[in-house]
Amino acid sequence: VSAGPLIVCADDDEDILSLVAMRLAQAGYEVQKAEDGDSALAAIRSRRPVLVVLDVMMPRRGGLEVLAELRRDPELRDIKVIMLSARVQEPDVARGLAAGADAYLLKPFKFADLVDKVGELLAS
Amino acid sequence: VYFLLPPNAQSIFYVVIGLASVTSIYVGAVRNQEPGRRLAWYLFAVGLLTQVCGDAIFAFYEIHLNREPPSPGVADALYLSGYPLLVVGIFLVVQRLGRGVSRVAVLDTAVVFLGVALVQWVFFISRYNQAGIGSRWVRTVAMAYPAMDVLLLVGLAQLIVGRASRSTAYRLLLLSVALWIVADELYGLNPNAYVGGDWIDALWLGSYVTWAAAALHPSSVRIAVSDGHRIPRLTSPRLALLALALLTAPVILLAEQISGRGLHAYVLATGGGAIALIVLMRLAGLVQAVDGARASERLARRDAEHAQRLLAFQNEQLRELDQLKDEFVSSVSHELRTPLTSISGYAELLLEEEPSETKQGYLHVIERNSERLLALVSDILFAARLQDGRLKLDLTPVDLQTLIEHAVEEARPRAENAGVEIEVRIESAPTVSGEHGRLAQLLDNLVSNAIKFTPRGGKVAVDLRNDEGIARIEVSDTGIGIVPEDRDRLFERFFRSQAALEHEIQGTGLGLYISKAIVEAHGGRIGVSSTAQEGTTFIVELPAAT
């Protein structure tokens with residue numbers, strides 16, 4: 001698979017992480033996987049992806065904390081972020097978007113929707 | 001009859017009546033009373049028997065010797081010995097009511113005794129206590145009669161204030177004692193005027209007969225049944241009795257002053273003082289009782305306050321538990337969403353690999369069921385939030401026609417699968433102010449229900465019209481219907497109708513609960529009309545936007 005734009009995916013659920021990575025790879029992106037917030041942040045700092053997919057509930061720094069970290073850092077501020085969460089209540093969505101996420105997807109989501117969303121964000 | 005008889009026959013008749021009475025009392029005691037409770041009645045029988053024996057001696061003297069028996073003599077001894085027996089009998093009957101002698105009862109008895117004794121002494125006894133009326137022995141016997149009546153009166157007073165359920169036998173006993181006393185007193189007013197066959201005899205005879213009747217009456221079985229008041233209260237008869245006793249001394253004083261006879265100053269002063277003292281003690285007892293009642297009331301109030309605090313505390317705990325439960329439901333639901341993501345995601349992935357038709361079928365089953373599971377989880381979560389009162393609407397104008405048409409289009413594949421025809425009939429197309437997602441959820445719930453409960457070949461219709469500012473949506477089906485017993489509970493949380501269970505129609509019992517909550521949050525109402533085996537119509541009314 002040709003190496004397209006780099007995307008970092010972070011989710012502590014291995015099955016979902018693999019699936020997300022596979023779908024994005026199918027769509028032509030290069031994917032770096034991370035299984036918790038800290039390793040996601042390390043991967044982002046070292047590899048500078050164009051987009052990050054973050055699960056909200058993760059050990060060692062949750063998705064929202066990682067997001068806040070990115071938005072604080074002037075060099076990382078422009079990276080697009082998609083949040084994934086099983087938290088369906090509106091306050092969670094609102095908090096995610098207020099923290100500066102570019103999109104928020106509720107589990108279970110259609111993987112086609114995720115790929116569409118990624119394409120949409122990168123095109124803008 | 002008695003008064004028509006010649007004097008001698010009268011005397012015999014009198015004795016016969018007396019004997020009959022004594023026999024009756026004995027028979028009554030054996031027949032009506034338990035073995036342990038016969039003593040009082042035996043005492044009555046023996047007490048009256050002594051009277052009858054006295055009468056018999058009188059009769060003997062009158063018939064055979066044509067004169068009165070000597071006094072004092074055997075007849076007097078018999079007469080006088082009877083009274084204590086009768087009084088003890090009465091006390092036995094009364095005492096059985098109360099179990100144990102209370103201080104109050106003793107005081108009341110003492111007051112009555114003193115009052116009666118005072119009257120008896122002044123008006124009946126003291127006149128014999130004068131030198132010049134026979135020997136000392138004669139005087140003593142003459143004075144003993146009124147004294148015995150004092151005893152009997154005290155007994156009567158006990159009967160009057162006794163805390164018994166007033167059975168007929170009890171009333172008869174009371175009457176017989178009263179008759180006896182009245183007769184004695186009338187006789188005592190002027191003993192010299194009395195002759196055999198006097199009308200006063202009728203009272204004594206009446207007393208014999210009623211005493212016998214009391215013993216024989218069936219209700220004498222329970223003559224001594226307490227009426228339930230453990231503590232003798234200050235009932236009005238008791239109060240009247242006390243007042244009467246208290247007034248005795250002044251009234252006698254007044255009577256003596258008016259009649260101009262000599263005053264019994266020492267007797268009245270002592271008796272009146274004693275009565276006043278006892279009444280005072282009685283009042284002191286009452287004050288104590290009131291204080292005690294007040295103290296126990298304070299105690300009771302403190303208990304009540306404590307119980308109330310406990311209740312408030314437990315309520316608070318319950319509220320916390322309820323919240324914990326909601327949080328638990330919410331977090332479980334969230335946890336379920338993550339594996340569902342993988343299940344449907346991987347099934348989707350497999351389907352893309354173009355598996356055999358059989359495998360495709362299997363994968364569709366997995367997809368369908370994970371969708372169902374997701375719907376379930378969403379419903380449970382939504383219901384938990386409703387329970388919380390957290391349903392807040394994001395209001396926008398919603399075009400009901402579009403909403404309904406969209407919902408029906410979504411449901412059409414399911415309807416076709418189930419062999420159910422579905423149609424939309426729009427009469428007019430009102431707009432309402434509401435949250436699009438919630439109203440779509442409502443329509444989906446109602447339409448899905450209609451399809452689920454309609455057998456193959458049936459029909460489902462959704463009607464919409466504007467009824468003078470009320471948007472009216474009717475979802476009707478030709479399904480199995482709802483029995484009347486189920487109709488009231490239909491909108492309850494987790495309620496499943498009998499029909500749903502019998503036909504094994506799947507569901508959580510949350511759909512209609514949620515539907516109702518959505519309708520009410522929009523300021524509308526939902527109702528149902530149904531005929532079992534023929535069909536059901538759900539009617540939703542929402543205020544149309546102006």
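Here is how names work: the chains are called A, B, and so on, in the same order as the sequence lines, proteins then strands, and each is numbered from 1.
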Within 6.0 Å of [atom1] in [X], more than 12 heavy atoms from elsewhere:
| X | atom1 | result |
| --- | --- | --- |
| B:Glu354 | CD | no |
| B:Lys452 | NZ | yes |
| B:Arg412 | CZ | yes |
| B:Lys359 | NZ | no |

Q | Which atoms of B:Leu374 approach chain A - backbone, side chain, both or neither, heavy atom under 4.5 Å | A |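 Side chain of B:Leu374 only, per the 4.5 Å heavy-atom cut-off to chain A.
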
Enter the distance from [X]:[atom1] to [Y]:[atom2] here, rounded to the nearest 0.5 Å.
| X | Y | atom1 | atom2 | answer |
| --- | --- | --- | --- | --- |
| A:Glu14 | B:Ser342 | CD | OG | 10.5 Å |
| A:Met57 | B:Thr338 | CE | OG1 | 8.0 Å |
| B:Thr341 | A:Ile16 | OG1 | CD1 | 4.5 Å |

Give me the atom names and distance for the closest heavy-atom approach of [X] to [Y].
| X | Y | result |
| --- | --- | --- |
| A:Phe111 | B:Gly345 | CE1-CA, 3.5 Å |
| A:Asp15 | B:Tyr346 | O-OH, 2.6 Å |
| B:Arg337 | A:Pro108 | NH1-CD, 3.5 Å |

Q) A:Asp13 versus chain B, heavy atoms under 4.5 Å apart: side chain, backbone, both or neither? A)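 Side chain of A:Asp13 only, per the 4.5 Å heavy-atom cut-off to chain B.
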
